[in-house]
Amino acid sequence: MAWLLLFVAGLLEVGWAVGLKYTEGFTRLVPSVLTLMSMTASVGMLALALKSLPMGTAYAVWTGIGAVGTAILGIALFGDPAGTARIACIGLIVAGIVGLKLAT
């Protein structure tokens, strides 16, 4: 159950990271409220997952999911560069997440 909480927390981290773009510096009400809700839920679920997962592993996986998801959505939604080196680095982050899951 802790891993599921951590996964959802990571997805919510992607949500708030992307949401920040849409808040336009917290000047738009609806995106700002949704982003703040996503932030709160993400950190709350991370806290619950930390009850039974090692802190270093959980935090690294949480930020890894956030980094990979945000990078992919940046490419898909905002036209961020998608060069070979960038994709390879995203793959290395995914490998690290999988490795931490398998080692825990």
For [X] and [Y], work out which heavy atoms get closest and say how close.
{"X": "Trp62", "Y": "Ser42", "value": "NE1-OG, 2.9 Å"}
{"X": "Ala82", "Y": "Ile87", "value": "O-CG1, 3.8 Å"}
{"X": "Gly15", "Y": "Ser38", "value": "C-OG, 4.0 Å"}

Please tell me if the side chains of [X] and [Y] come closer than 4.5 Å, counting only heavy atoms from C-beta onward.
{"X": "Asp80", "Y": "Arg86", "value": "yes"}
{"X": "Met39", "Y": "Leu36", "value": "yes"}
{"X": "Trp16", "Y": "Thr23", "value": "no"}

Between [X] and [Y], is there a shared hydrophobic cluster once you connect ILVMFWY residues whose side-chain heavy atoms come closer than 4.5 Å?
{"X": "Met37", "Y": "Val30", "result": "no"}
{"X": "Val68", "Y": "Leu92", "result": "no"}
{"X": "Leu53", "Y": "Leu11", "result": "yes"}
{"X": "Ile65", "Y": "Ile75", "result": "yes"}
{"X": "Tyr22", "Y": "Leu73", "result": "yes"}

### Message
Let's go through Trp3 and Thr104 carefully: what are the C-alpha distance in whole Å and the side-chain angles of both, what is the deciding distance for side-chain contact (heavy atoms from CB on, under 4.5 Å) to 0.1 Å, and is it a yes or a no?
### Response
CA-CA 10 Å; Trp3 283 103; Thr104 302; 3.9 Å; yes
#### Entry: Candidates Val61, Leu50, Thr57 - the one meeting side chain to side chain contact (heavy atoms under 4.5 Å, CB included) with Leu6
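Testing each of Val61, Leu50, Thr57 against Leu6, the sole residue satisfying side chain to side chain contact (heavy atoms under 4.5 Å, CB included) is Val61.
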Nearest 0.5 angstrom please: [X] [atom1] to [Y] [atom2], how far?
{"X": "Ile97", "Y": "Leu102", "atom1": "CD1", "atom2": "CG", "value": "12.0 Å"}
{"X": "Lys21", "Y": "Thr35", "atom1": "NZ", "atom2": "OG1", "value": "13.0 Å"}
{"X": "Thr63", "Y": "Leu46", "atom1": "OG1", "atom2": "CG", "value": "9.5 Å"}

